[in-house]
Number of protein chains: 2
Amino acid sequence: MGAKGPTLHQVADRAGVSIATVSRVARGLDHISAETRGRVLAAIDELNYRPSHFGRALVKRRHGTLGIVFPGLRGPYYAEVIHGFEVEAVAAGMSLLILGTELLPNADTQVLGMADRADGLAVMGGTIGDDLIQRLAARGVPIVTMARPQLAGIPNARVDNYASTLALVTHLIQYHGYDRLEFVGNIMGAPDAVERWRGFVQAHLDAELTPPDEPLSSAYEQASGVQAALRVLDLARRPRAVVCGNDEIATGMLSTLAASGVRVPDEIAVTGWDDGPFARYATPPLTTVSQPARALGQQTARTLLVLIERGESIEHEVVLTTEPIIRASCGCPFDPATGFTMANGDRNPFKEGAPIDELIEADSTANTRHREIALTGG
Amino acid sequence: MGAKGPTLHQVADRAGVSIATVSRVARGLDHISAETRGRVLAAIDELNYRPSHFGRALVKRRHGTLGIVFPGLRGPYYAEVIHGFEVEAVAAGMSLLILGTELLPNADTQVLGMADRADGLAVMGGTIGDDLIQRLAARGVPIVTMARPQLAGIPNARVDNYASTLALVTHLIQYHGYDRLEFVGNIMGAPDAVERWRGFVQAHLDAELTPPDEPLSSAYEQASGVQAALRVLDLARRPRAVVCGNDEIATGMLSTLAASGVRVPDEIAVTGWDDGPFARYATPPLTTVSQPARALGQQTARTLLVLIERGESIEHEVVLTTEPIIRASCGCPFDPATGFTMANGDRNPFKEGAPIDELIEADSTANTRHREIALTGG
DNA sequence: CCGCACACTGTAAACGTTTACGGCGAGCGA
DNA sequence: TCGCTCGCCGTAAACGTTTACAGTGTGCGG
């Protein structure tokens, strides 16, 4: 037990050759006589030799590892992003080092530590400060950011939060005629969220409505959603629709409203963001915005991979498209059996008022549907 | 960019000392004169020196890394387990190497590869074959299994699937009087699921009912839940209750039944497993079983850590308790506002028929509530 | 028969640490 | 003054690879 595995030397001794030869055979190089190769292979097999990652990494100066930094590990969104990232990483023969900074005060140290055990880093949204990111980049650590605005000189992958929120809220205002809405979510430290808020505000301006002064602040979990629902119910003037920063908030909102006897969407409409796994199965089925979380992870990994490959820093930016998924919680008629909004007539709900069925369901090929908006190689 | 950072040698040159001294200063060891230390520290700072993980790892023969292998990365359950694992890992100063074998055919190779870049491995349920696990253990790789039955000589952490399923189904049969039930889930390759099925069957036998011959096979996702629901509705004799293998299946089931005009729980009762984040907010709120997923991850990490520490193999087994969470989908009256099942009288629903409120809600301290059943240190 | 190309293999120097060991002063007791 | 201890620091040998370079032997053309 705990055997420290045989080394090149032991194999070499047993096969009666030098370590260089064993190394070559182990890596499957040419210019080895069939006979020698046989002997070495046999020795490798008998001793159960496996090349040491330590030795290899030291001389190649490569960890063979990609690092990814998240604010937290929970929630379907992060899971999906990580999954996409992981797929690309293993496809490239890299391992995945993961770090959730959660509420740890020493997050910066953790990230620093990760930086010198990975060949490159991907960092999510509002995880660590811009200064740290810049410092790492300056130190020569390949680093790419995701789910946040671009940082000068640092490759970035993100999702378009503004346009589809604008479209969604316009749908609520123009098509459904709702005139008083609330936005619930926490703007601070969540770059994605401020863009959503911006879209929310703009939709009001477009319709010559005055938006609320500020969002109803809330963390992005169900429990916070129920808190928010309680506050909404306490409002002097109840909103006609509540635009939630993500699906979890919307879910908490939905169930709390229902429990309070408020009919959704008849009295208050509710929307989410993410189109997570449960959105479709909520009651009523949740109108939300689908974002290509997995593709985001994949794009980030790919960018990081080429960044590492080149050694030099590159200018690279990817923006993936998102789209409103119209179900029932906004007030549209929706048939859960088919997954289609049931309405006839015009195809553009944002202008003329009729829901469009192309927008309805994110299918399994959703990732490929999200077009890459901008991509400037360095 | 891409600078290969300064080494001990460069710092030593600059400070006019030997590399040994720099190494000692860098690690904060004693027996260094204040003056020398100052010079070295200055040099370190000026050159922006950071010790190379490569060199360190090579001589210490330690990666400083824990590996964790999963069948997949998605779903709240896995996310929670990983999170627990990660918390313990970073607390011990270890990084987390993660691998989702998904559907990859070369999973074994991947795991092998991970084995020699981590100081120890944790592998989840039905991810890789028993033989591979044994082989790794024999090779001296610290390895612990989780969410599966114990393997001889290999530390294991799991959750009690049998008892609480038995309790839950007994509740359905004895308290609610349901006499015809179905179980939906996939037994194959999911060690946890077979235990749940076993509890399901036993509850029937205890009540002198004949259980169905086999589970309604289904993957553990919402989409599979809707498929299963469709099959349930097609059954010649509809069940009075459907026990689902996890919350996702139950969710798909719930929404599909509702969409088909079947009233839950009045016509068909539904239960889940996991008590995931959405269970409480489903319509109707889902009766399910709470398992301490995060604690499972933590326990596994801790076990792995001591296994690595000792070097020798240890005998260790942890079984965490689970508990039925009675909400409304089983037919109990439930007040979503308070989170309490509304019923009076007896405190044990499984024997006498009255729901018990202690069982009702898993709160944020849930993890600590789950007692460690067995723990035999080696 | 000589020399050269070529296929194969060995030698040794990296890669960047940690650490056992030894050297060198200074201080101090005898 | 001698010698011992002790604090400080340097030397050098690991750790397990990869790889430039040098060697060996064989075949073959001239």
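Order of the sequence lines fixes the chain letters, A, B, ..., with proteins taken first and strands second; residue numbering starts at 1 for each chain. Keep in mind that this is a model prediction, so the values were computed, not measured. The analysis underlying the following values was restricted to heavy atoms, covering all of them including side chains, and did not include hydrogens, waters or symmetry mates.
Side chain of R61(A), nearest nucleotide from dT9(C), dC15(C), dG16(D): dC15(C). Considering only the side chain of V17(A), dG10(C) comes nearest among dC15(D), dG10(C), dT11(D). Listed nucleotides dC9(D), dG16(C), dT17(D) differ in distance to R24(B); the shortest reach to its side chain belongs to dC9(D). If you check dT19(D), dG10(C), dG10(D) against the side chain of R27(A), the one that comes closest is dT19(D). Of the candidate nucleotides dT18(C), dG10(D), dC9(D), dC9(D) has the atom nearest to the side chain of I32(B). Of the candidate nucleotides dT17(D), dT19(C), dT18(C), dT19(C) has the atom lying nearest to any side-chain atom of A20(B).
The CD atom of Q10(A) sits 14 Å away from the C1' atom of dT17(D) (whole-angstrom rounding). The distance between atom CD1 of I44(B) and atom P of dT17(C), rounded to the nearest whole Å, is 10 Å. Counting to the nearest Å, the P atom of dC6(C) and the NE2 atom of H31(A) are 11 Å from each other. Atom CZ of R62(A) is separated from atom P of dT18(D) by 15 Å (rounded to the nearest Å). With rounding to whole Å, R56(A) atom CZ is found 19 Å from dC15(D) atom P. In this structure, the CG atom of L8(B) is 14 Å from the P atom of dT11(D), given to the nearest Å. Computed from coordinates, the R117(A) CZ to dT17(C) P distance equals 14 Å when rounded to whole Å. Atom NE2 in H53(B) sits about 19 Å away from atom P in dC15(C), given to the nearest Å.
As judged by a 4.0 angstrom heavy-atom cut-off over every strand, R37(A) is placed among residues making no nucleic acid contact. Heavy atoms of H9(B) sit under 4.0 angstrom from at least one base atom. Here S23(A) lies in heavy-atom contact (under 4.0 Å) with a base.
Contact annotation: S52(B) does not reach the phosphate of dG16(C) (side-chain N/O to OP1 or OP2, under 4.0 Å). In terms of phosphate contacts, S18(A) brings a side-chain nitrogen or oxygen within less than 4.0 Å of OP1 or OP2 of dG10(C).
The CG atom of L151(B) sits 11.5 Å away from the CD atom of E317(B) when rounded to the nearest 0.5 Å. Note that CD1 of I128(B) and CD1 of I143(B) are 5.5 Å apart. Values are rounded to the nearest 0.5 Å. Note that CG of L73(B) is 9.5 Å distant from OG1 of T101(B), once rounded to the nearest 0.5 Å. Rounding to the nearest 0.5 angstrom, the gap separating the OH atom in Y78(A) from the CD1 atom in I82(B) is 15.0 Å.
Take the nearest nucleotide of DNA chain D for V22(B) and for T21(A): the residue whose nucleotide is more 5' is V22(B). Nearest-nucleotide positions on DNA chain D for S33(B) and I19(A) put S33(B) closer to the 5' end. Both T36(A) and F54(B) lie near DNA chain C, and the one whose nearest nucleotide falls closer to the 5' end is T36(A).
Side-chain to base pairing of R50(B) with dG16(C): no donor and acceptor N or O lie closer than 3.5 Å to each other.
Q298(B) has its side chain out of reach of L320(B): every pair of non-hydrogen atoms, C-beta onward, lies at least 4.5 Å apart.
No hydrogens or angles considered: nothing links the side chains of R56(A) and S52(A) as a donor-acceptor pair under 3.5 Å.
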